[in-house]
Asker: 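Following this message is one structure expressed as structure tokens.
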There are 2 protein chains.
Amino acid sequence: MSAVLHNRIRVFRAEHRLSQSDLADIIGVSRKTISTIEVGRFVPSTIIALKIARHFEVPVEEIFALEQLSDSP
Amino acid sequence: MSAVLHNRIRVFRAEHRLSQSDLADIIGVSRKTISTIEVGRFVPSTIIALKIARHFEVPVEEIFALEQLSDSP
DNA sequence: AGAAAATGAAACCTTAAGGTATCAATATGA
DNA sequence: TCATATTGATACCTTAAGGTTTCATTTTCT
């Protein structure tokens, strides 16, 4: 199941002038969660992805994208 | 972070005549993973959600939807 | 420059995701 | 009807997500 998850959270945060803490509070998670997702260390749950996308009013695919690796078609 | 994640995987599987095993193989996860997600017992990772949506050629939001509960805006 | 805000990271902990294997019940089809 | 496929569930295990807290570094703003 090795795939890399790219994200553009930082871009959307910047556009909306939100700090990681701001977004974390809005979404209802900890700042660490936003930070680790943003840096690409953790893969968020679908619930978190949907909440972030919903807040920025874009589809999930505009924020998160798969980068194909070796396996998993 | 209590939210319920609705999904329409079964509908898309039916339309595409795929068994849980079929989809599991295509996505690269176990059948149990598809089953538990479909039944709503587990919340899948964003990677799995993207892979499922990509296979059915629809946005994630057409397959997975948040159902608001008490907290978490 | 100096204070305050923002960010990345680390340690530590708890719980959920996801894997394998197996079984029973239900569909499906020849 | 009988065989096969499909599905839901269970038990057990491993690892990653996500939380809290804290610290150092970097940005940002006066």
Asker: Check whether any side-chain nitrogen or oxygen of A:S45 sits under 4.0 Å from OP1 or OP2 of C:dA16, and answer yes or no.
Answerer: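 Indeed not, no polar side-chain atom of A:S45 lies that close.
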Asker: With the side chain of B:E38 defined as its heavy atoms from C-beta on, choose the nearest nucleotide among C:dA17, C:dG8, D:dG8.
Answerer: D:dG8
Asker: Rounded to whole Å, please give me the gap between CD1 in A:I47 and C1' in C:dA16.
Answerer: 11 Å
Asker: Taking the minimum atom-to-atom distance to the side chain of B:V39, which one of D:dT20, C:dT7, D:dA9 wins?
Answerer: D:dA9
Asker: Is any side-chain heavy atom of B:F12 less than 4.5 Å from a side-chain heavy atom of B:L18?
Answerer: no
Asker: Rounding to an integer number of Å, can you tell me how far B:L23 CG sits from C:dG18 P?
Answerer: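 From B:L23 CG to C:dG18 P: 13 Å.
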Asker: Could you check which of D:dG18, C:dG8, C:dG18 has an atom nearest any side-chain atom of A:S35?
Answerer: C:dG8
Asker: How do B:L18 and B:K32 order along DNA chain D: which one's closest nucleotide is nearer the 5' end?
Answerer: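 Nearest nucleotide further toward 5': that of B:L18.
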Asker: In terms of side-chain heavy atoms of B:R13, which of D:dG18, C:dG18, D:dT7 is nearest?
Answerer: D:dT7
Asker: Compare the minimum distances between each of D:dG18, C:dA17, D:dG8 and the side chain of B:F42, then state the nucleotide with the smallest one.
Answerer: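 When the side chain of B:F42 is considered, C:dA17 is the closest of D:dG18, C:dA17, D:dG8.
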Asker: Please confirm whether the shortest side-chain N or O distance from A:R41 to OP1 or OP2 of D:dA16 is below 4.0 Å.
Answerer: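 For D:dA16, neither OP1 nor OP2 has a side-chain N or O of A:R41 closer than 4.0 Å.
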Asker: Report which part of the nucleic acid A:S19 touches: base, sugar-phosphate, or nothing (heavy-atom distance under 4.0 Å, all strands).
Answerer: sugar-phosphate
Asker: Check whether A:T46 reaches the backbone of B:S45 with its side chain - one donor and one acceptor, N or O, closer than 3.5 Å.
Answerer: yes
Asker: Between atom NE2 in B:H16 and atom C1' in D:dT6, what is the gap in whole Å?
Answerer: 19 Å
Asker: Without decimals, in angstroms, what is the distance between B:D25 CG and D:dA5 P?
Answerer: 14 Å
Asker: Report the distance from atom CD1 of B:I27 to atom C1' of C:dG18, rounded to the nearest whole Å.
Answerer: 15 Å
Asker: Just wondering, more than 12 heavy atoms not from A:E57 lying within 6.0 Å of its CD?
Answerer: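 Not buried by this count: 12 neighbours or fewer within 6.0 Å.
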Asker: Can you tell me how far C1' of C:dT20 sits from CD1 of B:I34, to the nearest Å?
Answerer: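 It is 16 Å, rounded to the nearest whole Å.
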Asker: Taking CD1 from B:I9 and P from D:dG8, how many angstroms apart are they, rounded to a whole number?
Answerer: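 Answer to the nearest Å: 11 Å.
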Asker: Whole Å only: how far is the CZ atom of A:R17 from the P atom of C:dT7?
Answerer: 13 Å
Asker: Please report whether the ring centroid of A:H16 lies less than 6.0 Å from that of A:F56.
Answerer: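 When the ring centroids of A:F56 and A:H16 are compared, they turn out to be within the sub-6.0 Å range.
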Asker: Hey, does the side chain of A:Q20 come within less than 4.0 Å of C:dA5's phosphate (OP1/OP2), counting only N and O?
Answerer: no
Asker: Decide, yes or no, whether a salt bridge links B:E38 with B:R13 under the criterion of side-chain N to carboxylate O below 4.0 Å.
Answerer: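 Result for this pair is yes, salt bridge flagged.
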Asker: Kindly say whether, by distance alone, the side chain of B:R31 makes a donor-acceptor pair under 3.5 Å with the base of C:dG18?
Answerer: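 In this structure, the two groups form no donor-acceptor pair.
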Asker: Are OP1 or OP2 of D:dG8 and a side-chain N or O of B:R10 less than 4.0 angstrom apart?
Answerer: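 Yes, B:R10 has a side-chain N/O under 4.0 Å of OP1/OP2 on D:dG8.
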